[in-house]
Amino acid sequence: MNAATRYHIIGTAGHVDHGKTVLINTLTGVNTDRLKEEQERGISIELGFAPFRLSDGSMVGVVDVPGHEKFIHNMLAGIGGIDLVLLVVDVTEGVMPQTREHLQILQLLQIPQGILVLTKCDLAEDDWIDIIEEEVREALAATFLANAPCCRVSAVRGDGIDQLRQTIQEMLARLQPRDEDGPTRLPIDRHFTISGFGTVVTGTLLSGRVKVGDRVEVLPPGETVRVREVQVHGRKADVARAGQRVALNLAGFERSGLMRGSVVATPGFFSMTDRFDARFNLLQEASRPLKFRDPVHLHTGTAKVSARVILLDRDEMQPGESVLAQIHLDSPLVAHRRDRFIIRSYSPMTTIGGGQVVDPAPVKHKRFRSEVMLALKELESGEGSFVVQKLAELGCVKLKEIEQASGLGRERIAALLESLEAAGQACRVGDQWVTLETARSWRRVLTEAVDSYHREQALLPGIPHATLKGTLPARVTPKAFEQLLADLVSGGDLVQRGEWVARPGFTPRPTEEQSRLLQKLEQVYREAGAAAKGRVDMLSLAGVPDAPAEDLLAYLFANNTLVHLNDDTYIHQQAYQACIVTLKAHFAANKTLTLAQFRDLIGSARKQTQAILELFDSLKYTMRKGDERVAWQLPDEVMRAE
Ligand SMILES: Nc1nc2c(ncn2[C@@H]2O[C@H](COP(=O)(O)OP(=O)(O)OP(=O)(O)O)[C@@H](O)[C@H]2O)c(=O)[nH]1
Ligand SMILES: [Mg+2]
């Protein structure tokens, strides 16, 4: 991939008034303080965005965040998806409270890399700047920025700006490109309506692509809509790619239920959740312990919701501690395995911790259970064991579903599943994956269902295919069922005869009494020919009691003595074959056939004739045209209707 096709996002961070916005203006030529209030008060309130082209041709989106502590929630909505942070420190002030808080947030969100930018260097002597740099380095010591490059700049004089530009370029070049082939995921950071144009949403495209005309899902509210227009960095585009700043015009989309924090995504890929299991760390700097069910604010992606931390193995956690917990959200949002989140306390409103999603769709756990904690640890530690656990929990899953639950890429999942298959822990059935144990137990369920059907419906040649499928959980897809069945057939456990599935060697054996009744029934149907009436009439004609009649008719149907026309009407196979012969003879000499003609030809009543012709239509022997029928694909030889 050449540099021109790489897309990355950089963000600012740092205390209020330390020069972030002016720096971005100097780098990009864009003043990101757009609001009147921002310009009047001289501080940033909302997120600011600017496109930034590097000399190697790559296009970078810049997110400028406000530094004021009152607007940390805005900062949090912008900082999540960035590749590189510029931590801005004013050399006349040094490390200040929001320098520290932003740093904690960056650290908790695991922002991959950053540059320390010392600003306003025109206002201080070099010796002083050295002292400040040392102080800042101390604050960064145990963080991801411990070895970050440092650039000394003056945005007003332009000192150090070229070097900063160069450093940004070098650091971005080292990054992996984003996953453009993954699912589309765009957390919305702004949305508005333009009259006559509809709803527009903006955000950083974290993965995937969006094209004009695509159908995308917006969650919440969970609605699928069409993308009418795509803009990248304020310009119309056909497609937006991962790592770009994007605006989308969504056709016919009502804004109700839409919020900052909603996600635009590939339909069906993400789901909303109102609880998730997580690794949660309470910062050493938190002012007090966190108690079970304490209300907090949770930030993830661009979303912010009230939440409660359900401590599972204790009633209270101390600053500096790390636990596995369940987070209950007051309103649902999109969460994905491995997503990062931040927790802030209600009062004072400060960042107290954060963590990572372990399972985005867990059951509610019982507290103080060692097996729950063990299972959570398992889930957290291994990708492989997560997949196996999901398989065991759900019975069977499609590749896409594991992808969704795990937050891992498709290729990674496929590789994991293959190694699990090689290790004998999982296996593929049709288009689904199951644990080996599940596959085994399902095969057992199927053979047992056939056995019990043979016992209870001894007159039938087997269990109907659809009934057999119904003995497995509803989640099993038709393809997976077919595969399980095919395995059992090839292994000699079952045989398939048309729509019937049976044990090899099984033949229905009527009792003496049943044989006597069967003979009678067959006789009345043979004698009635094409004019055979409904079930009740025929049974009384044969003197067969109601109770065993169903089984007897099914037996005669299964061995092709009777042909099923509709509902409760059957005719004898002989009569049916004669009808086909008559039909062919008629079309040998005529182009069309009416119901009345056919009725006279076969000597039946209107109702039965109609049922026979409808069966012919469904078999495509004939085709209905108004009141008449024409020949369609008449059978070459006389065949038995199945
Ligand atoms: N002398 C000097 N002044 C600067 C420099 N950079 C920024 N300033 C001044 O510092 C003040 C704050 O700058 P901003 O860029 O708005 O600060 P900010 O970090 O974006 O502030 P918030 O977004 O509110 O957190 C403004 O008055 C700028 O003119 C610099 O390099 N030299
Ligand atoms: Mg600013």
Side-chain angles (χ1 to χ4, degrees), residues 3 6-15 18-28 30 32 44 47-56 58-67 75 78-91 93-96 98-122 124 126 129-130 132-176 204 243:
R6 301 178 65 115
Y7 305 101
H8 291 298
I9 304 288
I10 64 179
T12 59
H15 196 73
H18 276 201
K20 298 179 288 298
T21 303
V22 169
L23 176 69
I24 295 312
N25 199 345
T26 308
L27 280 173
T28 67
V30 177
T32 54
S44 304
L47 294 171
F49 304 100
F52 178 32
R53 188 177 284 283
L54 294 171
S55 60
D56 67 0
S58 55
M59 199 63 188
V60 177
V62 181
V63 181
D64 179 36
V65 308
M75 179 266 183
I79 208 72
I82 68 169
D83 298 302
L84 173 85
V85 67
L86 306 180
L87 181 68
V88 169
V89 180
D90 174 346
V91 292
E93 288 203 324
V95 174
M96 296 294 281
Q98 268 61 56
T99 316
R100 289 190 195 281
E101 189 168 9
H102 282 198
L103 188 58
Q104 285 166 347
I105 289 168
L106 298 167
Q107 181 82 359
L108 287 167
L109 292 177
Q110 293 215 330
I111 302 303
Q113 52 179 352
I115 302 172
L116 168 61
V117 186
L118 300 178
T119 54
K120 308 194 191 179
C121 288
D122 53 294
D126 282 352
I129 301 175
D130 289 344
I132 294 294
E133 181 172 344
E134 205 165 305
E135 180 204 74
V136 181
R137 285 283 180 203
E138 220 164 278
L140 302 184
T143 75
F144 74 111
L145 292 177
N147 300 311
C150 173
C151 293
R152 299 180 176 193
V153 303
S154 162
V156 293
R157 282 205 319 235
D159 306 348
I161 296 295
D162 284 344
Q163 192 220 331
L164 174 60
R165 220 186 279 268
Q166 188 58 34
T167 310
I168 292 174
Q169 186 163 316
E170 281 166 18
M171 293 190 80
L172 289 181
R174 269 189 257 144
L175 281 177
Q176 287 289 318
T204 302

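For clarity, every value in this text was computed on a predicted model and none was experimentally measured.
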Among residues at least two apart in sequence or on other chains, which ones pass side-chain contact (heavy atoms from CB on, under 4.5 Å) with [X]?
X	answer
P112	none
A50	I24, T28, V30, T32, V62
E135	V95

[Y] and [X], any side-chain heavy atoms less than 4.5 Å apart:
X	Y	answer
V60	L84	no
L140	L116	yes
M96	H18	yes
T167	Q163	yes
L172	I10	yes
L27	I168	yes

Once you round to the nearest 0.5 Å, how far does [atom1] of [X] lie from [atom2] of [Y]?
X	Y	atom1	atom2	value
R165	S55	CZ	OG	8.5 Å
I82	I111	CD1	CD1	4.5 Å
F144	L87	CZ	CG	7.5 Å
T143	L106	OG1	CG	9.0 Å
L108	Q110	CG	CD	9.0 Å
I9	F52	CD1	CZ	12.5 Å

Can you give me the closest heavy-atom contact between [X] and [Y], atom names plus distance?
X	Y	result
V91	I132	O-CG1, 3.4 Å
P66	L47	CD-CD2, 4.4 Å
V22	A155	CG1-CB, 3.5 Å
A124	I129	O-CD1, 3.8 Å
L118	C121	O-SG, 3.4 Å
C151	I115	SG-CG2, 4.1 Å

- Residues L23, T12; criterion side chain to side chain contact (heavy atoms under 4.5 Å, CB included); working and verdict: CA-CA 9 Å; L23 176 69; T12 59; 5.7 Å; no
- Test ring pair (Phe, Tyr, Trp, His ring centres under 6.0 Å) applied to H8 - qualifying residues, sequence neighbours left out: none
- Task: Please name all residues satisfying ring pair (Phe, Tyr, Trp, His ring centres under 6.0 Å) with H102, sequence neighbours left out, ordered by chain then number.
- Result: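 For H102, no residue satisfies ring pair (Phe, Tyr, Trp, His ring centres under 6.0 Å) once neighbours in sequence are set aside.
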Residue pairs passing the salt bridge (charged side-chain N to carboxylate O under 4.0 Å, His left out) test where at least one lies in [range], sequence neighbours excluded:
range	answer
residues 105-119	none
residues 146-159	D130-R152, E133-R152, R157-D159
residues 100-110	E101-R344

- Task: Would you please name every residue forming a side-chain hydrogen bond (donor to acceptor under 3.5 Å, both in side chains) with T21, sequence neighbours left out?
- Result: S44, D64
- Query: Taking only residues two or more places apart in sequence, or in another chain, which ones meet Q166 in a side-chain hydrogen bond (donor to acceptor under 3.5 Å, both in side chains)?
  - Reply: E170
- Message: Run the salt bridge (charged side-chain N to carboxylate O under 4.0 Å, His left out) test against K20 and tell me which residues pass, sequence neighbours left out.
- Response: none
- Task: Provide the full list of side chain to side chain donor-acceptor pair (under 3.5 Å) pairs with a residue in residues 111-122, sequence neighbours left out, each pair given once.
- Result: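 Passing the test, one end in residues 111-122: D90-K120, D122-S154.
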